[in-house]
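This report refers to the structure that appears directly beneath it.
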Amino acid sequence: MTDSTDREARHAELAERYLPDDLLVRFRERAAVYDRDNAFFYEDLEDLKERGYLTLFVPTELDGPGLSLHEVSRLQQRLAGAAPGTALAINMHLMCTGVVHAMRARGDRSLDWVLEEARDGEIFAFGISEPANDWVLQGSNTQAVRQDDGGYLLSGVKIFTSLSPVWTRLIVHGLDESDADDPRLVYGFVERGAEGITVSDDWDVMGMRASHSRATILDGVRMEPARVARRIEPGPVPDLLTFAITSNFQLLIASVYAGVARRALELGAEALKKRKSAKKGVSLAEAPEFRMRLADAHLDYMPVPAQLDAYTRDFDELADHGSGWPLRLVSARINASKVARRTAEAALLCSGGSGFGNSHELSRLFRDATAGLFHPPSEDAARPMYAAALLDD
Ligand SMILES: Cc1cc2nc3c(=O)[nH]c(=O)nc-3n(C[C@H](O)[C@H](O)[C@H](O)COP(=O)(O)OP(=O)(O)OC[C@H]3O[C@@H](n4cnc5c(N)ncnc54)[C@H](O)[C@@H]3O)c2cc1C
């Protein structure tokens with residue numbers, strides 16, 4: 001057998017172990033209900049926990065299955081094809097654990113406790129996005145006030161915290177300006193039980209509704225000294241933690257939208273087989289203009305999983321792309337989310353007016369795909385990096 005045959009056999013085995021077909025059918029049925037009722041995916045979460053899905057990145061030395069980013073990306077594509085909101089939210093936990101897994105692989109074991117706690121049932125979430133913070137990882141509007149024991153008190157607003165009803169640990173960042181000449185960006189974790197945390201109950205959005213990515217308000221929330229992960233200069237300063245966050249974030253978010261795109265193609269094809277032209281007396285699956293539309297969408301989709309496979313494997317194999325990494329990572333995520341929106345639109349056209357009904361899976365996929373417009377960096381924010389890579393010395 002070739003390497004790639006072995007790899008595909010392993011992916012099939014992991015799919016069967018963690019996301020068998022019958023479970024995906026249940027997830028897909030529930031996704032419609034969660035979306036209609038604007039409900040969080042509690043039942044999906046229980047099923048995922050039971051199968052060990054929340055421990056995927058826990059290494060075998062810590063009694064976990066020790067999956068690679070490449071393997072998790074494939075599973076997340078599969079999950080997103082059934083339940084995009086569930087996949088996007090659980091992505092945040094997977095990303096936090098994936099970050100520590102990646103740091104470990106690069107010789108930094110300072111956050112191994114995250115993997116141990118994930119193994120023991122804690123749920124990690126990602127509290128980085130803030131209103132009007134286009135620095136994203138490189139700056140913060142959250143105030144971090146240093147305490148004598150080395151801990152911090154954090155005050156600020158984190159928006160779109162997926163998993164808001166259930167997370168127990170939240171990775172956050174804030175700015176420590178106690179030394180005006182040497183401000184520090186503090187990264188670390190806070191616990192759900194800490195005083196000063198309020199989770200907003202305002203959540204009524206267009207897509208990915210099951211993720212319940214509600215705002216989190218921090219009012220003097222204590223980050224224990226042992227939970228401080230980094231104190232780095234604000235701005236574009238190379239650091240293993242932020243590199244690991246960017247890599248896992250971009251590639252796992254891309255995996256979700258790749259799964260949405262794949263499912264849209266399947267639904268588009270199913271719809272065409274069911275529809276008939278009264279005028280021409282043929283199935284629309286035989287009508288050239290519809291075949292072409294679906295073919296174009298399929299062509300559009302093909303590079304998306306290929307890009308994900310290549311970059312996740314490079315990442316797992318510790319490839320050193322240097323300044324070429326951000327170009328790869330961001331383009332994988334932007335392409336996947338663009339293609340998800342385009343294939344969802346093509347599939348809607350294939351389905352005709354029935355797909356426009358709110359209870360139709362395609363209508364939900366179209367709305368879910370739209371969330372891809374809002375993950376950072378947007379295309380507008382990313383363009384300067386791509387231009388500079390070619391034009392600036
Ligand atoms: C479905 C989905 C899930 C996401 N999950 C995560 C996640 O888990 N972790 C994460 O860090 N980022 C997450 N993001 C955030 C995302 O990646 C972007 O960073 C964010 O959408 C960018 O928003 P903006 O700059 O356009 O914010 P803005 O336009 O400034 O705000 C967007 C929304 O945030 C809310 N908001 C703004 N200001 C306040 C305030 N002061 N108080 C309370 N609420 C306010 C409002 O609902 C507002 O409509 C998610 C985004 C989406 C669409």
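Numbering of ligands and ligand atoms starts at 1, following listing order. Note that the structure is a prediction, hence the values are computed from the model and not measured.
- Summary of contacts: the protein heavy atom closest to atom 17 (O) of ligand 1 is P376 CD, 2.9 Å.
- Ring-plane geometry between H173 and Y187 is classed as tilted, the angle between the planes lying from 30 to 60 degrees on a 0 to 90 degree scale.
- Residue-to-ligand polar distances place S129 within reach of ligand 1: an N/O pair is separated by less than 3.5 Å.
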What's the verdict on side-chain contact (heavy atoms from CB on, under 4.5 Å) for L284 and S277, showing C-alpha distance, side-chain angles and the deciding distance? CA-CA 6 Å; L284 287 193; S277 162; 3.9 Å; yes
For residues 194-208, which side-chain donor-acceptor pairs fall under 3.5 Å, sequence neighbours excluded?
unit_1: S200; atom_1: OG; unit_2: D202; atom_2: N; d: 2.9
unit_1: W203; atom_1: NE1; unit_2: R209; atom_2: O; d: 2.9
unit_1: D204; atom_1: OD1; unit_2: R209; atom_2: NH1; d: 2.9

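- Aromatic ring pairs are classed by plane angle as parallel below 30°, tilted from 30° to 60° and perpendicular above 60°; the pair Y18 and Y53 is perpendicular.
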Show me the side-chain donor-acceptor pairs of residues 118-129 shorter than 3.5 Å, one per line, residues at least two apart or across chains.
unit_1: R119; atom_1: NH1; unit_2: L62; atom_2: O; d: 3.3
unit_1: E122; atom_1: OE1; unit_2: T168; atom_2: OG1; d: 2.7
unit_1: E122; atom_1: OE2; unit_2: R169; atom_2: NH2; d: 3.3

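- Counted within 6.0 Å of CD on E13, heavy atoms from surrounding residues, nucleotides or ligands total more than 12; the atom is thus considered enclosed.
- Set against the non-hydrogen atoms of M208, the atoms of ligand 1 under 4.0 Å away are 1 (C).
- Polar contact check, F374 against ligand 1: a nitrogen or oxygen pair lies under 3.5 Å apart.
- For atom 1 (C) of ligand 1, the nearest protein heavy atom (residue, atom name, distance) is L88 CD2, 3.4 Å.
- For atom 30 (O) of ligand 1, the choice among P131, S211, S162, A215 with the nearest heavy atom turns out to be P131.
- The protein reaches atom 43 (C) of ligand 1 closely, with a heavy atom under 4.0 angstrom from it.
- Closest to atom 24 (P) of ligand 1 among all protein heavy atoms lies I159 CD1, 4.4 Å.
- In this structure, a donor-acceptor pair under 3.5 Å is absent between the side chains of R328 and Y311.
- By the criterion of a heavy-atom distance under 4.0 Å, the backbone of A132, and not its side chain, is placed next to ligand 1.
- Among protein heavy atoms, atom 9 (N) of ligand 1 sits closest to F126 O, 2.6 Å.
- Here is the list of ligand 1 atoms found below 4.0 Å of a heavy atom in V157: 40 (C), 42 (N), 43 (C).
- Heavy-atom neighbours of E43 CD from other residues, nucleotides or ligands within 6.0 Å: above the threshold of 12.
- Shown here, atom 19 (O) of ligand 1 is in close reach of the protein: a heavy atom of it lies under 4.0 Å off.
- Within a 4.0 Å radius of atom 36 (N) of ligand 1, the protein contributes at least one heavy atom.
- Atom CZ of F356 is surrounded by 12 or fewer heavy atoms from other residues, nucleotides or ligands within 6.0 Å.
- Heavy-atom proximity to M92, at under 4.0 Å, picks out these atoms of ligand 1: 5 (N), 6 (C), 7 (C), 8 (O).
- For P377 against Q250, the heavy-atom pair with the smallest separation is CD-NE2, 3.5 Å.
- Nearest protein neighbour of atom 47 (O) of ligand 1, counting heavy atoms only, is D202 OD2, 4.7 Å.
- Annotation for ligand 1: atoms under 4.0 Å from non-hydrogen atoms of I128 are 11 (O).
- The residue V205 has no part lying near ligand 1, judged by heavy-atom distances below 4.0 Å.
- Summary of contacts: the protein heavy atom closest to atom 13 (C) of ligand 1 is F160 O, 3.0 Å.
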Step by step, would you call H70 with F315 a ring-ring contact (aromatic ring centres under 6.0 Å, His included)? CA-CA 8 Å; H70 174 57; F315 188 76; over 10 Å; no
